[in-house]
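Hydrogens, waters and symmetry mates play no part in the numbers below; they use all other heavy atoms, side chains included.
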Amino acid sequence: MAQNTPKHDEREKITRRKLSDQVLDKLREMITSGVLSSGDVLPSERALMDRFGVGRPAVREALQSLHNSGLITINHGERSRVNAVDASTVLAQSSEIARLVLSSAPANLEHLKQARQMFELGMVRIAARTSTAADVADLRLLVERQRIHLGDATTFIEADIAFHTRVAQVAQNPIIASVSHAMLGWLFDYHLTLLHWSGNEDITLAEHTKIVDLIECHDEEGAVAAMSNHLDRSSDAFEARE
């Protein structure tokens, strides 16, 4: 019987990579491996050219790519420095994309509102379970900061964001805190009224105070219910004013 022989007519093209991409890979490896740590100054352009055997354009393009991704900071007249890489760095880099998604596809705002509610209900439960006296004191100070700024919508909202971010920080999980701050920032940039219902600041203050009281009592279910009512009221107000 004749044996079927494998066909070898499929071709795999080998793509020649740009020198700048290869330099980028090398620099990224130096950062991720710890050869270059947070705060370290990168070698000069001349030193990198000699090290990798490439020209200045390839080095500059690679450095710009690292800067755009948030891994390094380039300041004119100074040597580039390695940035701290954490959840905040990653989310900061995605902020422009998030704003573009929200502005180009408004239906995604509903998805963001839903994600925020699910996220915040989870984090307030953790806060009620694990809060310390210091956490509660910080939250009460933030409520008072909001009260001081009644009549100044922008500063009032900034204090509102600080309050919700501080609730997230009680979990002592930097990813939770960073995601919370990022989502609130996207909402702040997209539409102020989603975070602030003008003329009803006293309601917001009363709701925040109640949430803090329940967190202090370690009442998980009560804190979740209070936060849910708070977010539902804010969302309903936004929809009524659109």
Contact between [X] and [Y] at the side-chain level, heavy atoms closer than 4.5 Å - yes or no?
{"X": "Leu205", "Y": "Leu150", "result": "yes"}
{"X": "Glu201", "Y": "Arg147", "result": "no"}
{"X": "Ile211", "Y": "Leu139", "result": "no"}
{"X": "Val170", "Y": "Met123", "result": "no"}

Could you check whether [Y] and [X], counting side-chain N and O atoms only, form a donor-acceptor pair closer than 3.5 Å?
{"X": "Arg145", "Y": "Thr155", "answer": "no"}
{"X": "Asp232", "Y": "Gln117", "answer": "yes"}
{"X": "Thr132", "Y": "Asp135", "answer": "yes"}

Run the side-chain contact (heavy atoms from CB on, under 4.5 Å) check on Gln22 and Leu19 step by step: do they pass? CA-CA 5 Å; Gln22 296 178 56; Leu19 287 176; 4.1 Å; yes
Taking all non-hydrogen atoms of both residues into account, name the closest pair between [X] and [Y] and its distance.
{"X": "Ser20", "Y": "Ala58", "result": "CB-O, 3.5 Å"}
{"X": "Ile72", "Y": "Ser80", "result": "CD1-CB, 4.0 Å"}
{"X": "Asn83", "Y": "Ser38", "result": "C-OG, 3.9 Å"}
{"X": "Ser131", "Y": "Val136", "result": "OG-CG2, 4.2 Å"}
{"X": "Leu36", "Y": "Val41", "result": "CD2-O, 4.2 Å"}
{"X": "Gln169", "Y": "Ala177", "result": "CG-CB, 3.8 Å"}

Over 12 non-hydrogen atoms of neighbours within 6.0 angstrom of CD in Gln172: no
Should we say atom CZ of Arg129 is surrounded by more than 12 heavy atoms from elsewhere, each under 6.0 Å from it?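 Atom CZ in Arg129 is crowded, with more than 12 foreign heavy atoms closer than 6.0 Å.
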Out of curiosity, [X] [atom1] to [Y] [atom2], how far, rounded to the nearest 0.5 Å?
{"X": "Glu45", "Y": "Arg60", "atom1": "CD", "atom2": "CZ", "result": "4.5 Å"}
{"X": "Thr130", "Y": "Glu220", "atom1": "OG1", "atom2": "CD", "result": "9.0 Å"}
{"X": "Arg140", "Y": "Glu144", "atom1": "CZ", "atom2": "CD", "result": "9.5 Å"}
{"X": "Leu42", "Y": "Thr73", "atom1": "CG", "atom2": "OG1", "result": "10.5 Å"}
{"X": "Gln64", "Y": "Ile74", "atom1": "CD", "atom2": "CD1", "result": "4.5 Å"}
{"X": "His164", "Y": "Leu231", "atom1": "NE2", "atom2": "CG", "result": "6.5 Å"}

Could you walk me through whether Leu48 and Val23 pass the side-chain contact (heavy atoms from CB on, under 4.5 Å) check? CA-CA 9 Å; Leu48 292 173; Val23 174; 5.9 Å; no
For the backbone of [Y] and the side chain of [X], can you confirm whether one donor and one acceptor N or O come within less than 3.5 Å of each other?
{"X": "Ser228", "Y": "Val224", "answer": "no"}
{"X": "Asn229", "Y": "Ala226", "answer": "no"}
{"X": "Ser37", "Y": "Asp40", "answer": "no"}
{"X": "Asp160", "Y": "Phe156", "answer": "no"}
{"X": "Ser180", "Y": "Ile176", "answer": "no"}

On the 0 to 90° scale, with breaks at 30° and 60°, tag the His208-His230 ring pair as parallel, tilted or perpendicular. perpendicular
Verdict with supporting geometry, Gln146 and Leu142, side-chain contact (heavy atoms from CB on, under 4.5 Å): CA-CA 6 Å; Gln146 276 192 282; Leu142 289 169; over 6 Å; no
One pair to check against side-chain contact (heavy atoms from CB on, under 4.5 Å): Lys26 and Arg51. What are the steps and the verdict? CA-CA 10 Å; Lys26 293 293 186 182; Arg51 178 172 185 148; over 6 Å; no
Using the test side chain to side chain contact (heavy atoms under 4.5 Å, CB included), find all partners of Glu221 that sit at least two apart in sequence or belong to another chain. Arg125, Asp219
Any salt bridge linking Lys210 with Asp213? Criterion: basic side-chain nitrogen under 4.0 Å from a carboxylate oxygen. no
Same hydrophobic cluster for [X] and [Y], using side-chain heavy-atom links shorter than 4.5 Å among ILVMFWY?
{"X": "Met227", "Y": "Leu214", "answer": "no"}
{"X": "Val167", "Y": "Ile175", "answer": "yes"}
{"X": "Val212", "Y": "Ile148", "answer": "no"}

